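First comes the structure, then the notes that go with it.
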Amino acid sequence: MMKKCFLISILIIAIVGGSNGQTTTASRSADRYGIRPVLIRSPYLQVATDHSMMIRWRTDMLDVSFVRYGTQPDKLDQIAGNDFRTAEHIVTVNGLQPLTRYYYLIEGFRDTLQKDTNNYFTTLPLQGKAGKYRIGVYGDCGSISTHQSDARDQFEKYLGNDVLNAWVLLGDNAYSFGKDYEYQSHFFNIYKDNLLKKSPLFPAPGNHDYQDEPYAAEVAQRSGEVAYYRNFSMPTKGESGGLPSHTSAYYSFDIGNAHFISMDSHGSQENGKRLFDTTSAQVVWVKQDLEANKNKQWVIVYWHHPPYSMGSHNSDRESQMVKIRENFIPILERYGVDLILCGHSHSYERSKLMQGHYGMEASFNAGAHLLSSSSGFFDGSENSCPYIKQDDGKGTVYVVSGSSSRTDHTQPGFPHDALPFASVDYVGASIVEIEDNRLDFKWICEDGKVRDHFTMMKGVNRKQVIKVKKGTAVVLTASFVGQYKWSDSDSKERSITVKPKQHATYTVVDPYSCLKDTFEIQVK
């Protein structure tokens with residue numbers, strides 16, 4: 001009996017000692033008496049690049065940190081890690097190949113802590129490289145409920161065997177105050193079996209992550225009082241693309257030809273400045289980052305407080321939202337940002353392609369502020385052609401996707417005049433799918449239905465004049481990604497080969513006659 005009590009005492013001391021990450025006499029004694037560390041936070045992926053992946057996990061007592069990995073599930077012949085004893089394990093695996101699947105297990109001094117068929121990840125594609133990529137979008141996802149679990153399950157069902165290259169969080173990731181135990185039960189335990197262990201996560205903070213208090217971001221990072229900054233690692237040195245921010249509050253990264261920027265709309269920076277203060281370090285940095293990444297085909301920015309909403313929050317009345325719209329949105333539109341994602345309101349709300357609306361809802365004018373009157377559905381329904389961004393870069397779509405775990409009340413007059421595609425009837429998460437010069441956005445609901453979606457394209461509806469010698473074969477390629485109807489050809493492929501004997505004109509259109517490329521072949 002005394003021996004049993006002694007062992008329990010050792011275990012308690014070891015758990016407490018694990019909070020500061022230091023090796024203790026108790027933890028060494030625990031090894032001697034056969035007490036083994038237990039995994040209490042499953043592995044999750046952070047700071048992904050095209051050549052590395054960070055893997056984090058937590059144990060109930062101090063242990064060493066090792067990851068075994070390889071490109072075959074039955075041949076984990078490489079190892080990374082260290083023998084420093086800690087309860088918060090962080091291992092970066094380097095020297096990987098781009099866009100490649102790796103299988104892994106995590107282990108401590110004595111035991112394999114986790115190994116199963118879902119322990120694998122895919123590295124990011126090369127920065128700037130076009131391909132087909134999928135990015136999950138979860139806003140206000142930390143209200144533990146069956147709705148949250150159903151939305152997760154339907155999102156994963158939609159994804160199937162396709163790779164989710166990354167997923168982003170739009171803030172309020174663990175209710176009600178972003179405490180560590182709330183993160184464990186409301187977030188990590190909910191997403192541990194699939195998303196967290198397979199797809200790298202790039203979060204943004206919300207007001208509840210700051211315990212609903214106006215904390216200074218720098219103080220919150222240093223003090224550890226805010227669990228958000230203890231639980232997540234961010235690419236602050238530019239290792240995942242973009243300019244180094246040198247702060248976990250905001251940062252940027254690339255997924256192939258798409259550039260993402262995560263902002264902090266709640267915490268304050270130097271001298272109490274926030275996102276809506278255009279001279280703040282955060283805004284100065286984001287302007288520099290956007291300037292440096294003009295070559296990226298797609299630019300997506302996300303944070304917590306939306307500039308437009310009539311869901312559970314009112315963008316006409318809440319000063320934070322008003323100032324972001326008035327002061328910060330013009331900067332992003334000036335740089336041609338394609339898509340802006342926010343949460344905060346526990347609703348789904350979406351705009352059309354718009355520009356230049358910085359006032360109250362009543363000042364929104366479709367004729368003045370919409371660059372397209374289309375729904376953007378691109379499905380053959382009435383007025384549903386894709387949003388087409390011209391070479392001047394004008395036009396942004398705004399989405400409030402704050403319904404990943406709950407919905408809430410609305411403001412009188414919901415939906416907002418600028419966000420006609422809106423609902424509080426369903427919980428759901430969103431996905432961004434990018435293929436070359438085409439971007440698709442989908443809201444996947446807890447019952448499995450995609451209740452809103454839109455398509456955006458760039459560099460389409462091209463007219464080309466091609467001069468060739470008689471008898472020369474010419475490959476013609478449509479400027480858009482989709483389905484194809486060629487003139488003078490039954491091919492349904494994106495490219496066809498022609499060998500005209502005289503001047504000829506070929507066209508290719510989509511099935512809904514929204515897009516059209518023209519090729520004029522001049523034969524010498």
Side-chain angles (χ1 to χ4, degrees), residues 137 139-141 168-173 175 178 204-215 217 249-250 261-269 272-280 282-283 286 300-334 337 339-352 354-365 369 396-404 406-424 430:
V137 180
D140 301 69
C141 65
V168 303
L169 301 182
L170 305 180
D172 284 3
N173 310 303
Y175 284 94
N207 50 292
H208 284 277
D209 299 296
Y210 279 101
Q211 301 175 26
D212 220 10
E213 297 287 343
Y215 284 108
Y250 51 89
I261 303 176
S262 173
M263 308 297 295
D264 180 1
S265 63
H266 191 75
S268 61
Q269 279 79 47
K273 292 182 178 179
R274 301 172 82 174
L275 182 61
F276 48 75
D277 294 303
T278 58
T279 60
S280 68
Q282 182 172 197
V283 177
V286 79
I300 299 169
V301 186
Y302 61 98
W303 65 86
H304 188 60
H305 297 82
Y308 315 97
S309 177
M310 285 295 164
S312 56
H313 292 275
N314 189 318
S315 59
D316 278 1
R317 295 179 181 175
E318 298 186 26
S319 61
Q320 210 165 341
M321 300 164 73
V322 171
K323 291 178 181 179
I324 287 173
R325 181 176 64 252
E326 292 176 344
N327 301 340
F328 186 53
I329 292 303
I331 295 172
L332 301 186
E333 289 190 347
R334 186 165 68 244
V337 169
L339 178 60
I340 291 176
L341 307 171
C342 298
H344 197 44
S345 279
H346 300 151
S347 54
Y348 178 83
E349 305 171 74
R350 194 260 293 180
S351 77
K352 298 180 179 181
M354 57 184 282
Q355 175 103 5
H357 173 55
Y358 313 126
M360 300 300 183
E361 180 187 21
S363 68
F364 176 77
N365 182 294
H369 298 128
T396 304
V397 175
Y398 293 84
V399 177
V400 178
S401 188
S403 63
S404 296
R406 61 189 281 191
T407 57
D408 230 326
H409 63 279
T410 62
Q411 306 299 312
F414 176 87
H416 191 290
D417 289 349
L419 289 82
F421 308 97
S423 173
V424 291
S430 301

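Computed from a predicted model, the values in this text were never measured in an experiment. Along the sequence shown, residues are numbered consecutively beginning with 1.
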What one should report as the nearest heavy-atom pair of Arg325 and Tyr358 is NE-O, 3.4 Å

Atom of Asp209, atom of Gly206 and distance for their closest heavy-atom approach: OD2-N, 2.7 Å

How close do Asp264 and Gly267 get, heavy atom to heavy atom, and via which atoms? OD1-N, 3.0 Å

ring-ring contact (aromatic ring centres under 6.0 Å, His included) against Tyr175, all qualifying residues, sequence neighbours excluded: His208, His346

Side-chain heavy atoms of Val322 within contact of Met360, under 4.5 Å: yes

By side-chain hydrogen bond (donor to acceptor under 3.5 Å, both in side chains) - contacts of Ser315 (at least two apart): none

Between the side chain of Gln269 and the main-chain N/O of Ala217, is any donor-acceptor distance below 3.5 Å? no

Donor-acceptor pairs are to be reported for all side-chain atoms of residues 415-424 against protein atoms at under 3.5 Å, with residues two or more places apart or in another chain.
from: His416; atom 1: ND1; to: Ala418; atom 2: N; distance (Å): 2.9
from: Ser423; atom 1: OG; to: Asp425; atom 2: N; distance (Å): 3.1

What are the two closest non-hydrogen atoms of Tyr250 and Met263, and how far apart are they? CB-CA, 4.1 Å

Could you measure the distance from the NZ atom of Lys323 to the CG atom of Asp277? Nearest 0.5 Å is fine. 7.5 Å

Ser401 and Leu341, any side-chain heavy atoms less than 4.5 Å apart: no

Nearest 0.5 angstrom please: Thr278 OG1 to Lys273 NZ, how far? 8.5 Å

Tell me, with the steps shown, if Met321 and Asn314 meet side chain to side chain contact (heavy atoms under 4.5 Å, CB included). CA-CA 8 Å; Met321 300 164 73; Asn314 189 318; over 6 Å; no

For Val337, run the side-chain contact (heavy atoms from CB on, under 4.5 Å) check against Leu332, Ile329, Ile261 and tell me which one passes. Leu332

CA sep, side-chain torsions, deciding dist, call: His357, Tyr398, side chain to side chain contact (heavy atoms under 4.5 Å, CB included): CA-CA 12 Å; His357 173 55; Tyr398 293 84; over 6 Å; no

Got a sec, which residues hit salt bridge (charged side-chain N to carboxylate O under 4.0 Å, His left out) with Asp212, two or more places apart in sequence or on another chain? none

Is any side-chain heavy atom of Asp140 closer than 4.5 Å to a side-chain heavy atom of Ser404? no

Considering only residues two or more places apart or on different chains, which pairs with a residue in residues 302-311 satisfy side-chain hydrogen bond (donor to acceptor under 3.5 Å, both in side chains)? Asp172-His304, Asn207-His304, Ser265-His305, His304-His344, Ser309-Ser345, Ser309-Glu349

Closest non-hydrogen atom pair between Ser351 and Thr396, with its separation: OG-O, 4.1 Å

To the nearest 0.5 angstrom, please state how far the CD atom of Gln211 sits from the CD atom of Glu213. 7.5 Å

Looking only at atom types and distance, does a side-chain atom of Asp316 sit under 3.5 Å from a main-chain N or O of Glu361, one as donor and one as acceptor? yes

Is any side-chain heavy atom of Pro307 less than 4.5 Å from a side-chain heavy atom of Phe328? no

So do Cys141 and Leu169 actually touch side chain to side chain, heavy atoms under 4.5 Å? yes

List for me each residue that meets side-chain contact (heavy atoms from CB on, under 4.5 Å) alongside Ser268, sequence neighbours excluded, and say none if there are none. Ala216, Arg274

Is any side-chain heavy atom of Pro205 closer than 4.5 Å to one of Tyr210? yes

